[in-house]
Amino acid sequence: MDFLNLLARLADLDSTSAAPQPAAPRRAALGQLGQASTALLPGLLLSALGQPATAGTLDTRTRLDVLLLVRQLAALDNELHSRALGLVPGYPALPLTATEKAGIQVIQQQEVQRIALFSQLIVDGGATLPATPRYDFTGSKNGTQAALYPNIQTNPDAYLLVAQVIKDAAVRVYKSQVDFVRSDIYLTETLLRTHSAEARHAAHLRTLRRQRGVVVKSWVSPDDAAVPATSAAITRVYEGESSSIQTYNISDANGQLGALVSVPFDSTLPINVATPPLSPEAILRKVAEAFDEPAEAVVATNVAALFTY
Amino acid sequence: MSNIKQNASEEAEFAKPLYTPIKRRSFFMYAGATAGATALLLSGCDDDNDNVVPNGTVSLGSGDVGVLNYAYALEQLEAAFYAQVKATPAADFSAVEKDYFSQVAAHEAIHRDFFKAAINRDAPGKIIPTLGAADLNFTSIDFTKRASVLATAKTFEDLGVAAYNGAGKYLKTPAYLVIAGQIVSVEARHAAYVRDLISNGSFADDSIIDPATGLDKAMEPVDVIAAAQPFIKVKLDASNVGK
């Protein structure tokens, strides 16, 4: 990248003219980071610089934005599971089996560990932690509107459904967020390691639901029973997940990003491992299962917003 | 007769210890002459069409293609394992478990074929050879026993997750990082499921998730290949993956 271009990008950052919605927190965070002369700053700028010049309509995020997002998702999850386990005053434990409880405790405790990790990274970077949100997992925004899940604090099936949706959303969103921290090897690996742990959690929650009689696999499948469309945010979590078209970019001679091509799973690949052979349509359903799809941060933050007031 | 003798004496000549120091010294002389010479040597290795270096070791290559070849090798191993499980299911499998392995066999075959297609299109001539049945060594697995098959499946899935987690930082092409992410979460879902089959609730236990940070495991390519090598007869060299 040439130096003038770099200066131009810095100027953009300064005026925040190209920044998307959360402009004020970003400016504040940059200010704090500047004062603290932190280790986060170079990477913060680098990740912003890494965006294409036409970033105006794209989702652009600094490392701080990403850390705040993943911490927000971990905190949401922790609160949901803590209430289900009866760890939060005023919320009696759900009637889960001992085995179910044991697995959910594993999930909840790992969320606590990661909240601590993300919080430390944010504070060490010179930024401040946001105030703890107020949660209402019925989706009624503290009784100000009709509840989406009125029995979530008493019915394990309702709770496990919401738990699965939040995890599946996180698994999708992590895939898109890693790109924003690529300049930082430590954070890249931390996000990847969180991402696969989240996928393990999602699989377990799906297994728990299947054991309770729901038609759902441990991986996202076109054969899963549809998740009830209680709101657009919930529906969006699974939009595009049944994709059987996988694309990748050819890199050109200089290692730069080249043309986008799709893998011809539907026509040429010898993936028919079944006996008797699967129909082409059945193969494509397997392809959809074999890949989880990425999603932008807003898919998860919209879900979080349903349960926050 | 005389031919055979001649060959034997030639081999004996090569086996003489005297030759080794001379060759090594001349190698270092050339390699050390200039940095450019070393670079030339390395780039020469990169361009090897079949990735086979003289002693029969298969080099996975370097850079992004190296990472793709690395993933392709692991997916071939997994796909071959599950294909075998599917072909000769253990007698003590439940119907549900049989179904599980049939589904996962399809996923892994798809992953394998995806990488094959991606490498052939993106880096023609740089793909590693196919790891056929003769190149793999599953003698340590008792395919007739549920416990042996589940334990191996757990090993392979956990290893695959750790491999993708450790290799992500080496990928320079953003699209590859996303694709790797699309696959690793499915591997992690497999791992969680097979772990729960072995012991319900062990989907993310302390043996695989660091209890201090809540993070899944990540492993370097050379360590992953060292762990996978007992199952693969041909020697794989991951030392340049991502470099």
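From a predicted model like this one, the values you see are computed outputs, not experimental measurements.
- A salt bridge between A:Arg182 and A:Asp179 is present, with a side-chain N of the basic residue lying under 4.0 Å from a carboxylate O of the acidic one.
- Looking only at heavy-atom pairs under 4.5 Å with chain B, the residue among A:His204, A:His195, A:Lys175, A:Gln110 that has the most is A:His204.
- Classification of A:Glu289 and A:Lys217 as a salt-bridged pair holds, one side-chain N sitting under 4.0 Å from a carboxylate O.
- Contact annotation for A:Thr99: only side-chain heavy atoms (C-beta onward) come within less than 4.5 Å of a heavy atom of chain B.
- Per-residue heavy-atom pair counts under 4.5 Å with chain A were compared for B:Asp64, B:Ile183, B:Ile209, and the maximum is reached by B:Ile209.
- Top candidate by heavy-atom pairs under 4.5 Å with chain A, chosen from B:Asp206, B:Asp210, B:Leu177, B:Val184, is B:Leu177.
- A heavy-atom distance below 4.5 Å is found between the side chains of A:Leu121 and A:Leu187.
- For B:Leu171, the part lying under 4.5 angstrom from a heavy atom of chain A is the backbone only.
- Contact of B:Asp99 with chain A is not made at all, since no heavy-atom distance falls under 4.5 Å.
- Heavy-atom pairs under 4.5 Å with chain A were tallied for B:Ala191, B:Gly181, B:Ala83, B:Ala79; the largest tally goes to B:Gly181.
- Both the backbone and the side chain of A:Ser218 come within contact range of chain B, with heavy atoms under 4.5 Å apart.
- Neither the backbone nor the side chain of A:Arg172 comes within less than 4.5 Å of any heavy atom of chain B.
- For the options B:Gly201, B:Ala204, B:Gly168, heavy-atom pairs under 4.5 Å to chain A are most numerous at B:Ala204.
- Of the residues listed (A:Arg285, A:Lys286, A:Arg210), the one engaging A:Asp223 in a salt bridge (Lys or Arg N to Asp or Glu O under 4.0 Å) is A:Arg285, and it is the only one.
- Heavy-atom distances place both the backbone and the side chain of B:Ala218 under 4.5 Å from chain A.
- Ranked by heavy-atom pairs shorter than 4.5 Å toward chain A, the options B:His107, B:Arg189, B:Gln103 are led by B:Arg189.
- Taking 4.5 Å as the limit, every side-chain heavy atom of B:Lys217 sits out of range of all side-chain heavy atoms of B:Val161.
- Interface summary for chain B: among A:Ala203, A:Ser196, A:Ala197, A:Ala202, the most heavy-atom pairs under 4.5 angstrom belong to A:Ser196.
- Proximity to chain B involves both the backbone and the side chain of A:Thr190, based on heavy atoms less than 4.5 angstrom apart.
- Under the rule for a side chain to side chain donor-acceptor pair (under 3.5 Å), the partners of A:Gln108 that lie at least two apart in sequence or sit in another chain are A:Asn78, A:Ser82.
- Of the listed residues (B:Pro211, B:Gly63, B:Ala87, B:Ser202), the greatest number of heavy-atom pairs within a distance under 4.5 Å of chain A belongs to B:Pro211.
- The parts of A:Val220 that come within reach of chain B are both its backbone and its side chain, each placing non-hydrogen atoms under 4.5 angstrom from that chain.
- Partner of A:Glu111 under the side chain to side chain contact (heavy atoms under 4.5 Å, CB included) criterion, out of A:Leu73, A:Val106, A:Asp77: A:Asp77 alone.
- Residue contact with chain B, scored on non-hydrogen atoms closer than 4.5 Å, involves the side chain of A:Gln211 exclusively.
- Note that CD of B:Glu220 and NZ of B:Lys169 are 4.0 Å apart. Values are rounded to the nearest 0.5 Å.
- In B:Lys233, the NZ atom is crowded: over 12 heavy atoms of neighbouring residues, nucleotides or ligands sit closer than 6.0 Å.
- By the salt bridge (charged side-chain N to carboxylate O under 4.0 Å, His left out) test, A:Glu198 pairs with A:Arg114, A:Lys167, sequence neighbours left out.
- Classification of A:Arg212 and A:Glu100 as a salt-bridged pair holds, one side-chain N sitting under 4.0 Å from a carboxylate O.
- Contact of B:Ala212 with chain A is made through the backbone alone, with heavy-atom distances under 4.5 Å.
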